[in-house]
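Throughout, protein chains are lettered first and strands after them, A, B, ... in sequence-line order, and every chain is numbered starting at 1.
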4 protein chains.
Amino acid sequence: MAYQRSALMQERLAENRQRILASARQLVARGGFRAASINAVAEVSGLSTGAIYRYFPSKSALFIEVLSSAVRHECDILLAIVDGDGSAGERLRAAVESFARRALQGPHLAYAFIAEPADPEVEAARILCRREFSDVFKRVLRQGIASGEFPKQSVDVSAACVVGAFTEALVRPTEHSARRRQDKALVGAIVDFCERAVTGTA
Amino acid sequence: MAYQRSALMQERLAENRQRILASARQLVARGGFRAASINAVAEVSGLSTGAIYRYFPSKSALFIEVLSSAVRHECDILLAIVDGDGSAGERLRAAVESFARRALQGPHLAYAFIAEPADPEVEAARILCRREFSDVFKRVLRQGIASGEFPKQSVDVSAACVVGAFTEALVRPTEHSARRRQDKALVGAIVDFCERAVTGTA
Amino acid sequence: MAYQRSALMQERLAENRQRILASARQLVARGGFRAASINAVAEVSGLSTGAIYRYFPSKSALFIEVLSSAVRHECDILLAIVDGDGSAGERLRAAVESFARRALQGPHLAYAFIAEPADPEVEAARILCRREFSDVFKRVLRQGIASGEFPKQSVDVSAACVVGAFTEALVRPTEHSARRRQDKALVGAIVDFCERAVTGTA
Amino acid sequence: MAYQRSALMQERLAENRQRILASARQLVARGGFRAASINAVAEVSGLSTGAIYRYFPSKSALFIEVLSSAVRHECDILLAIVDGDGSAGERLRAAVESFARRALQGPHLAYAFIAEPADPEVEAARILCRREFSDVFKRVLRQGIASGEFPKQSVDVSAACVVGAFTEALVRPTEHSARRRQDKALVGAIVDFCERAVTGTA
DNA sequence: CATGAATGAGAATTCATTCAT
DNA sequence: TATGAATGAATTCTCATTCAT
């Protein structure tokens with residue numbers, strides 16, 4: 001009986017933890033870090049402020065995890081594409097397109113990835129996250145250069161540039177109007193840009 | 001006499017205004033938006049907190065102007081390059097290089113340009129600023145496409161991508177070590193990336 | 001069987017109660033009242049926070065008992081000395097010396113005895129504890145005065161003064177350096193002081 | 001005109017600072033450190049919470065000043081007595097009596113002097129304060145020993161003991177009943193105790 | 001009975017903005 | 001007009017106590 005209770009409890013604990021993370025992510029996505037106070041996170045997640053501190057030792061720690069888990073999830077998807085089939089150019093295009101499509105659905109989270117944070121601790125985490133992102137692109141860049149498909153270039157710089165390019169192009173004033181058409185064209189243009197930048201061919 | 005005093009006054013008012021803007025810019029560049037409280041701005045500019053509110057109706061308004069005036073200054077420099085002599089590709093390279101060199105000397109201001117602001121009002125301004133930046137690059141892109149030097153592409157998207165690419169590549173953990181050599185290589189790699197991206201040639 | 005289980009139960013209950021008291025005492029001795037939160041007590045005693053409230057109705061009640069049991073233990077030792085053999089002066093010296101030696105080994109508990117408590121309830125208990133302490137010394141004072149060994153004096157006041165004198169002299173910034181020598185001299189000086197104070201002879 | 005305004009302002013600032021200190025002292029005296037929250041200090045002193053932080057950088061800093069200013073004031077009075085006329089014994093008696101009389105009028109402040117503080121910073125200050133107190137008594141002890149009026153003894157220890165003795169004797173459950181008579185007797189007994197302790201004569 | 005997750009009031013501290021002088 | 005002291009709401013974090021399991 002004690003065991004079962006424990007199992008149920010653990011499930012609920014894990015659920016609460018996820019709910020807190022989801023609430024924090026949601027708040028950041030909607031209103032930026034400013035809108036994501038501990039009180040707001042508590043309210044959205046249906047817990048008390050004190051409960052948040054049972055799951056995370058500080059506000060910084062919570063948002064570091066929000067950031068890094070979002071990035072990890074994104075990176076996993078991109079890695080599967082980048083390590084998949086096709087030429088280096090095809091895989092690069094697919095990865096950029098995949099990222100861009102998702103970013104357009106939750107546009108404000110892209111902000112958070114490049115936002116100046118309130119706290120030096122979060123700042124450090126943010127830089128690591130950006131690096132993780134560009135690491136994914138370094139893989140395909142290296143492969144493309146090795147196979148002669150891409151011209152010689154600084155892998156580090158090009159990877160950062162690629163990340164910066166589509167990030168910037170995706171950041172827009174939050175217009176909640178219908179924009180499917182434009183979105184498709186936007187994604188296409190971004191993908192083209194990145195391919196040209198990396199391959200050096202139109 | 002009343003007229004002269006008024007003239008002197010106006011001069012001093014304009015001077016104060018500039019001093020406030022410069023102080024705010026300096027504080028943001030050194031410590032980010034967090035370090036730029038109204039009190040800090042007042043202290044650095046040698047005025048009182050109350051005086052700040054004579055010149056700017058709110059903190060948001062002040063930082064909106066800090067942002068836009070910094071961007072305007074940068075844009076003026078870039079415009080001179082972009083509207084100067086040489087092929088479209090040469091001018092694009094020169095503009096990117098010029099921006100990158102300056103950014104590497106005061107690296108933290110680059111953060112501010114892409115920083116998540118405290119206030120929705122500033123947020124809106126920030127997006128306009130980014131647009132102003134990319135407007136400069138749109139000019140040279142249009143010219144290059146018109147002359148057949150660049151392949152057909154979305155001018156809007158490519159301009160944003162170029163801005164994002166070098167911005168991201170320039171943002172690094174503030175390493176205060178000697179890095180002249182690396183800086184030169186970094187700028188070169190960025191410029192190459194952007195040229196390839198836009199011209200489609202290695 | 002029900003009886004036996006009950007007996008075993010009662011034993012375990014008593015054991016838990018003692019463990020809680022010991023844990024609380026330990027925490028106060030090491031880090032003061034600040035460090036002695038209910039959660040910390042629960043952790044050290046190997047019980048849950050809720051369990052603490054099975055044995056003590058409130059935090060105040062727990063620490064009141066910590067205080068009074070520590071004092072009772074100390075008083076028992078002192079009483080054995082005070083009611084032992086020798087002249088009143090010898091017994092007073094022995095009691096003071098005994099207390100001082102023990103206090104120097106666990107110096108922080110002396111703080112707790114004179115510490116300002118978090119709670120008026122504990123405050124009241126603390127005063128009673130001090131009174132209990134001085135009651136021990138009143139015994140030997142009365143005896144010494146009756147036998148003519150000590151001059152006439154207010155037994156109440158002198159007892160309190162004696163307690164205060166050695167308490168104060170024993171409270172020092174926690175220097176963890178070797179100090180055996182100094183300790184011996186310190187104890188000697190304290191004992192001398194108290195003897196002079198009570199006997200009126202050098 | 002600017003000068004006069006400044007003068008008035010400075011006066012008011014100094015007044016506020018004193019009011020804050022007085023409010024904090026009052027709150028500690030009445031209800032201990034626990035009752036002296038920043039909000040309470042603000043309310044009693046008729047200022048806002050934020051205003052407190054214009055005068056003191058932190059709660060700790062405020063209470064360190066409360067403590068040390070109270071001690072300094074007390075020490076000044078005692079020093080005047082100790083460095084005055086009369087034999088060493090007479091001056092010691094006078095100093096103890098003077099302290100005791102005042103302490104009996106604001107009995108809880110004596111607690112604060114020996115209270116375990118919330119903050120390590122305040123703790124450090126408290127220890128220094130106690131030392132300052134006993135330093136005053138060291139003076140008269142040294143003089144008395146040098147002149148042969150007092151027997152040889154550890155000046156450090158005896159001074160601490162004297163402070164501890166009267167401090168302890170003065171600490172009582174806060175009985176707000178009339179007690180003038182008892183007070184007089186109490187002070188007398190304390191003074192006698194200390195004299196005997198130091199002189200070794202009844 | 002035991003557990004320990006949850007509560008929520010309360011603490012210290014910050015800072016954009018106002019307004020008496 | 002300039003000053004800068006004062007405001008007070010908001011923020012992060014703590015911890016004694018409760019209660020569903």
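Base contact: C:I38 has a heavy atom under 4.0 Å from a base atom.
For the segment residues 42-54 of chain D, residues with any heavy atom less than 4.0 angstrom from an atom of DNA chain F are, sorted by number, D:L47, D:S48, D:T49, D:G50, D:A51, D:R54.
Within the model, atoms CZ of D:R19 and CD of D:Q26 stand 12.0 Å from one another, a figure rounded to the nearest 0.5 Å. D:K59 NZ to D:E121 CD: the interatomic distance, rounded to the nearest 0.5 Å, is 12.5 Å. Distance CZ/B:R72 to CD/B:E65: 7.0 Å, rounded to 0.5 Å. Note that CZ of A:F56 is 9.5 Å distant from CD1 of A:I38, once rounded to the nearest 0.5 Å.
Comparing F:dT17, E:dA11, E:dC1 by their nearest atom to the side chain of C:L13 picks out E:dC1.
With rounding to whole Å, A:L27 atom CG is found 15 Å from F:dT11 atom C1'. In this structure, A:F33 places its CZ atom 12 Å from P of F:dT12, rounding to the nearest Å. Atom CZ in D:R12 sits about 13 Å away from atom C1' in F:dT3, given to the nearest Å. Rounded to whole angstrom, the span from the OH atom of B:Y55 across to the C1' atom of F:dT1 amounts to 9 Å. Between the CD atom of D:Q10 and the C1' atom of F:dT3 there is a distance of 14 Å, rounded to whole Å. Straight-line distance from the CG atom of D:N39 to the P atom of F:dT7: 13 Å, rounded to whole Å. Atom CZ of A:F56 and atom C1' of F:dT12 are 16 Å apart (whole Å). Look at CZ on A:R19: it is 16 Å from P on E:dA5, rounded to the nearest Å.
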Is there a side chain to side chain contact (heavy atoms under 4.5 Å, CB included) between A:L62 and A:Y55 once you walk through the steps?
-> CA-CA 8 Å; A:L62 167 57; A:Y55 294 92; over 6 Å; no
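E:dT3: Watson-Crick or G-U partner is F:dA20, with both key distances under 3.5 Å. E:dT13 and F:dA10 make up a base pair, with Watson-Crick or G-U wobble contacts both under 3.5 Å.
Ranked by how close their nearest DNA chain F nucleotide is to the 5' end, A:A36 and C:S58 are led by A:A36.
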Please set out all donor-acceptor pairs under 3.5 angstrom arising from side-chain atoms of residues 40-51 of chain C, sequence neighbours excluded.
residue, atom, partner, partner atom, Å
C:S45, OG, C:V41, O, 2.8
C:S45, OG, C:A42, O, 3.2
C:S48, OG, C:A51, N, 3.2

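Taking the salt bridge (Lys or Arg N to Asp or Glu O under 4.0 Å) definition, one finds that D:R54 meets it with nothing, sequence neighbours left out.
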